[in-house]
Number of protein chains: 2
Amino acid sequence: MPGTDPVCTVPSAEAPVPAGCGGTVSHALAWVARLHRIAMGRRLRDLGLYPGQELMMMRLWDCGAVRQSELIQSLGLDPSTVTKMLQRMEQCGYVRRSPDPADRRAVLVEATEAGAALRAGVEGAWADLEESTLAGLAPADRAELARLLGLVGGNLAEEAGEEGAGPVC
Amino acid sequence: MPGTDPVCTVPSAEAPVPAGCGGTVSHALAWVARLHRIAMGRRLRDLGLYPGQELMMMRLWDCGAVRQSELIQSLGLDPSTVTKMLQRMEQCGYVRRSPDPADRRAVLVEATEAGAALRAGVEGAWADLEESTLAGLAPADRAELARLLGLVGGNLAEEAGEEGAGPVC
DNA sequence: CAAGAATATGTGGTCGGCCAACTAATCGGG
DNA sequence: CCCGATTAGTTGGCCGACCACATATTCTTG
């Protein structure tokens with residue numbers, strides 16, 4: 001049938017910022033977060049890490065040898081997620097795992113030399129992404145964004161039962 | 001030169017928002033987005049959907065029968081992601097796929113009756129989550145958050161090569 | 001009109017992430 | 001002192017998401 005594309009292609013003179021797509025903050029948040037994750041993934045891939053692993057390494061750099069259960073709680077992840085991630089990271093040589101002598105159930109985790117070698121790269125990537133993310137925003141806008149994200153996070157954390165990711169170490 | 005000094009990398013003992021974790025907007029953004037995704041996942045599970053599928057259904061509700069490639073572009077996803085997601089959703093009965101008579105490579109996708117039956121629930125979930133997310137924020141704050149997210153999204157989209165998720169249908 | 005480029009989709013593999021179910025070790029009472 | 005409850009970790013399964021690669025079909029262009 002001719003006239004191929006029927007509806008849909010509304011001649012919407014789209015806004016300068018397609019922003020939320022649907023217009024809701026939820027849409028915008030999901031969209032921005034995805035772009036942010038992709039952008040971080042790009043930087044991490046050059047370092048030999050996968051998204052999510054950098055948070056693990058950060059905890060290890062800050063805390064030294066830690067019990068796996070501490071990582072689970074501080075990152076707010078599922079135990080199985082942490083187990084599998086650590087297995088892969090151990091095989092990559094970034095992490096060392098050893099049984100806790102004080103509790104034969106537990107496992108102590110610490111960064112290896114190779115893991116520590118990633119620190120500068122990861123911190124640089126975070127800083128670079130932060131700047132790229134906030135480019136063009138005045139300090140006041142940045143502070144406002146941080147404040148609003150904090151409020152929204154508080155709302156969602158309350159609903160979700162107060163999950164981890166709290167204070168640093 | 002890098003006269004840009006006022007970056008928050010200061011070892012400020014500030015705690016305006018305990019939420020942000022590391023204190024950077026990037027951390028706060030990732031954290032909030034994860035909570036948001038989990039909260040949406042909860043609501044979707046009660047409806048019989050997995051996170052991400054609701055966006056697919058929304059496009060189908062808005063556009064009727066669409067080529068798979070249109071979905072790929074409008075959602076900004078990888079083709080293989082869409083293929084597999086649609087295979088599962090078809091098996092769940094939410095979606096119907098048929099070869100495009102006009103282009104034997106393409107596949108036309110549309111929501112089934114069962115899929116359309118989810119619409120009210122999904123839209124309710126979005127509205128509910130939006131309100132829960134923004135609880136306690138004045139209209140001015142909500143608008144400001146939307147504006148800032150739009151700016152940040154623009155920055156990230158620019159870096160990422162202008163990916164999809166743009167205008168609505 | 002016959003290559004070659006571009007498009008549309010599918011496969012296989014890997015990762016992060018969650019849930020459910022399981023084992024092993026420690027802790028708490030009775 | 002022993003048995004149940006709690007905690008720590010692991011395995012298997014599933015889904016979203018990506019990449020690399022393979023296939024079929026259309027478009028382009030010489």
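Hydrogens, waters and symmetry mates are skipped; everything else that's a heavy atom, side chains included, is used. Given the structure is predicted, the values throughout are model-derived calculations rather than measurements.
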With sugar-phosphate meaning primed atoms plus P, OP1 and OP2, does [X] contact a base, only sugar-phosphate, or nothing at under 4.0 Å between heavy atoms?
X: Pro51(B); answer: sugar-phosphate
X: Thr83(A); answer: base
X: Ser69(B); answer: sugar-phosphate
X: Arg45(A); answer: nothing

Can you tell me how far [atom2] of [N] sits from [atom1] of [X], to the nearest Å?
X: Asp78(B); N: dA8(C); atom1: CG; atom2: P; value: 14 Å
X: Leu86(B); N: dG10(C); atom1: CG; atom2: C1'; value: 12 Å
X: Gln68(A); N: dA24(C); atom1: CD; atom2: P; value: 17 Å
X: Leu49(A); N: dG16(C); atom1: CG; atom2: C1'; value: 13 Å
X: Leu108(B); N: dT9(C); atom1: CG; atom2: C1'; value: 13 Å
X: Leu77(A); N: dC15(C); atom1: CG; atom2: P; value: 17 Å
X: Leu71(A); N: dG16(C); atom1: CG; atom2: P; value: 14 Å
X: Leu44(A); N: dC15(C); atom1: CG; atom2: P; value: 15 Å

Verify, without hydrogens or angle tests, whether [X] (side chain) and [Y] (backbone) share a donor-acceptor contact under 3.5 angstrom.
X: Gln53(B); Y: Tyr50(B); value: yes
X: Thr83(B); Y: Pro79(B); value: yes
X: Ser132(A); Y: Asp128(A); value: no
X: Asp100(B); Y: Ala106(B); value: no
X: Glu54(B); Y: Gly52(B); value: yes

Can you tell me which nucleotide in dG10(C), dC15(C), dC18(C) comes closest to the side chain of Ile38(B)?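 Within the option list, the nearest is dC18(C).
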
Quick one: which of dT11(C), dT26(C), dG16(C) gets closest to the side chain of Asp103(A)? dT26(C)

How do Lys84(B) and Ile72(A) order along DNA chain D: which one's closest nucleotide is nearer the 5' end?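 Comparing both residues, the 5'-ward one is Ile72(A).
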
What are the 5'-most and 3'-most nucleotides of DNA chain D lying under 4.0 Å from any heavy atom of chain A?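 Endpoints of the contacted stretch of DNA chain D: dT7(D) to dC18(D).
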
Quick one: closest heavy-atom pair of Ala39(B) and Glu159(A), and the distance?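 That would be CB-OE2, 3.4 Å.
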
State whether [X] places a side-chain N or O below 4.0 Å from either non-bridging phosphate oxygen (OP1 or OP2) of [N].
X: Gln87(B); N: dT11(C); answer: yes
X: Ser80(B); N: dG10(C); answer: no
X: Gln53(A); N: dG16(C); answer: yes
X: Arg88(A); N: dC15(C); answer: yes
X: Arg42(B); N: dC19(C); answer: no

Parallel, tilted or perpendicular: rings of His27(B) and Trp126(A) (30°, 60°):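 Trp126(A) and His27(B): parallel rings.
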
Both Ala102(A) and Arg37(A) contact DNA chain C. Taking the nearest nucleotide for each, which residue is further toward the 5' end?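 Of the two residues, Arg37(A) wins.
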
Charged N to carboxylate O below 4.0 Å: is that the case for Glu113(B) and Arg96(B)? no

Does Arg105(B) contact dT7(C) through a side-chain donor or acceptor facing the base, at a distance under 3.5 Å? yes

